[in-house]
Number of protein chains: 2
Amino acid sequence: MNNEINISESEWTVMEYLWNNPMVTITEIRKALSSTGWSDSTIKTLVRRLVSKNAVAINDEAATFRYYPLISQQECRLKETKSFINRVYDGSVSMLVTNLAADSNLTDKETEELLALIEKMGNEQEK
Amino acid sequence: MNNEINISESEWTVMEYLWNNPMVTITEIRKALSSTGWSDSTIKTLVRRLVSKNAVAINDEAATFRYYPLISQQECRLKETKSFINRVYDGSVSMLVTNLAADSNLTDKETEELLALIEKMGNEQEK
DNA sequence: AATCAAAGGTTACAGCTGTAGTCTATTATA
DNA sequence: TATAATAGACTACAGCTGTAACCTTTGATT
């Protein structure tokens, strides 16, 4: 459905907040994102862009609008994950997981087990 | 060192080829990427941008230049993977792997084992 | 009532990205 | 040798992104 929606890095920050706090006002968003250092304008622009991308909708029952996500974190994560794996790991889930395992602090035995499982996972999820 | 190099999606396609075939001419690149449908100009632009980003260098001993990668696939993958996990999974490797497991076709028992390992992996790799 | 802050709307602007055209010099080929 | 193809260098241009200012209206505060 919403496959064509692309959310930029800054926009993700806003989406994260909306996923955790649906139906908030712009003031609430601004307060929540104050640690980013973004100006009022910047945050409004990001929200506006998300609305025009149909990632976020406006509830304007009250005078002060409330914003809520139209797409789920789950589906966005899935989409991003797939395109990431395709771009960086040539579509290979197991290659990604192998790299993750190498970069994490498992014991040798655990790594071995993990790799064995990865072996079984194979390369589904192409494209 | 090369932490600030950002490689775009199209540029990755070029890099992939260069990682597998270092020291090639522009003609070889063009032929290899003909399936992309990109014009001659487009490919030359991508290569030029990679050179100006210091991701690729030129060997100009011969009249026809040869191009080769200055950064390794390994380090680029690591960088991309980290920024991806930070952006999409809030820095949590285990959340990513959990999602991957859910999306792959492991048996229940295998998934259980995988999740147990993930449990142990915890959330290293923050930042 | 006068003032200030914030909301909503509009505009800005530079850098990156996708995609490609033009020009000139050189090389290969008829 | 005339011609075609290509390399290398430069330019183009629109859409996306990061980042923000400005303007007008409205609600809150003095």
Side-chain angles (χ1 to χ4, degrees), chain A residues 3-18 23-68 76 79-80 83-84 86-88, chain B residues 3-18 23-68 76 79-80 83-84 86-88:
Chain A
N3 267 8
E4 329 71 25
I5 299 182
N6 283 306
I7 296 178
S8 79
E9 179 155 359
S10 298
E11 288 164 357
W12 263 89
T13 307
V14 177
M15 288 306 292
E16 288 287 348
Y17 180 67
L18 289 178
M23 293 302 269
V24 289
T25 64
I26 196 75
T27 305
E28 289 171 290
I29 298 175
R30 283 205 297 128
K31 287 208 177 106
L33 303 191
S34 65
S35 64
T36 61
W38 289 332
S39 79
D40 178 29
S41 274
T42 298
I43 291 172
K44 285 194 280 185
T45 297
L46 292 174
V47 171
R48 184 171 43 74
R49 285 178 184 168
L50 286 167
V51 169
S52 72
K53 284 179 182 184
N54 287 312
V56 164
I58 298 176
N59 175 301
D60 60 359
E61 281 170 21
T64 297
F65 297 176
R66 285 182 174 274
Y67 299 88
Y68 60 96
C76 285
K79 175 184 183 301
E80 289 296 316
S83 79
F84 163 72
N86 278 323
R87 182 167 57 91
V88 176
Chain B
N3 267 8
E4 329 73 24
I5 299 182
N6 283 306
I7 296 178
S8 78
E9 179 157 357
S10 298
E11 288 165 358
W12 262 89
T13 307
V14 176
M15 289 307 291
E16 288 287 348
Y17 180 67
L18 289 178
M23 292 301 269
V24 289
T25 64
I26 195 76
T27 304
E28 290 172 290
I29 298 176
R30 284 205 296 128
K31 289 211 175 102
L33 304 191
S34 65
S35 64
T36 61
W38 290 332
S39 79
D40 179 28
S41 274
T42 298
I43 291 171
K44 283 193 278 187
T45 297
L46 293 174
V47 171
R48 184 171 42 75
R49 285 178 184 167
L50 286 168
V51 169
S52 73
K53 284 178 183 185
N54 288 311
V56 165
I58 297 176
N59 175 301
D60 60 359
E61 281 170 18
T64 297
F65 296 178
R66 286 182 173 273
Y67 300 87
Y68 60 95
C76 286
K79 174 182 182 302
E80 289 296 314
S83 77
F84 163 73
N86 278 323
R87 182 166 57 90
V88 176

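- In plain terms, the two heavy atoms of Tyr17(B) and Ile29(B) that are nearest each other are CE2-CA, 3.8 Å.
- Between Ile43(A) atom CD1 and dG8(C) atom P the separation is 14 Å, expressed in whole Å.
- Nearest-nucleotide assignment on DNA chain D puts the 5′-proximal partner with Ile26(B), out of Ile26(B) and Ala63(A).
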Short heteroatom pairs, N/O only, protein and nucleotides 15-17 of chain C, under 3.5 Å:
residue, atom, partner, partner atom, Å
dT17(C), OP2, Lys53(B), NZ, 2.7

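- Looking at every heavy atom in both residues, Glu61(B) comes nearest to Asn59(B) through N-OD1, 3.1 Å.
- Residues Val88(B) and Phe84(A) form no side-chain contact, since every pair of their non-hydrogen atoms from C-beta on lies 4.5 Å or further apart.
- For dT11(D), its base sits under 3.5 Å from the side chain of Arg48(B) at one donor and acceptor pair at least.
- Heavy-atom minimum distance, Arg87(B) versus Ile7(A): NH1-O, 4.2 Å.
- Using a 4.5 Å cut-off on side-chain heavy atoms (C-beta onward), Tyr67(A) and Ile58(A) make contact.
- The residue among Thr45(A) and Phe65(A) whose nearest nucleotide of DNA chain C is located toward the 5' end is Phe65(A).
- Protein atom CZ of Arg66(A) is 10 Å distant from nucleotide atom P of dG8(C), rounded to whole Å.
- If you measure from atom CD of Glu28(A) to atom P of dG8(C), you get 12 Å, rounded to the nearest angstrom.
- Side-chain atoms of Lys53(A) and Asn6(A) form no donor-acceptor pair, as typed in the model, at a separation below 3.5 Å.
- For residues 29-41 of chain A, proximity to DNA chain D is found at Trp38(A), Ser39(A), Ser41(A), defined as any non-hydrogen atom under 4.0 angstrom from a strand atom.
- Separating the NZ atom of Lys44(A) from the C1' atom of dA21(D) is a distance of 10 Å, rounded to the nearest angstrom.
- For the pair Met15(A)/Val56(A), a side-chain contact is recorded, criterion being any heavy-atom separation below 4.5 Å from C-beta on.
- Minimum atom distance to the side chain of Thr42(B) is reached by dT19(C), of the listed dT19(C), dG8(D), dG18(D).
- For the residue pair Glu28(A)/Thr25(A), the side-chain donor-acceptor check at 3.5 Å is satisfied.
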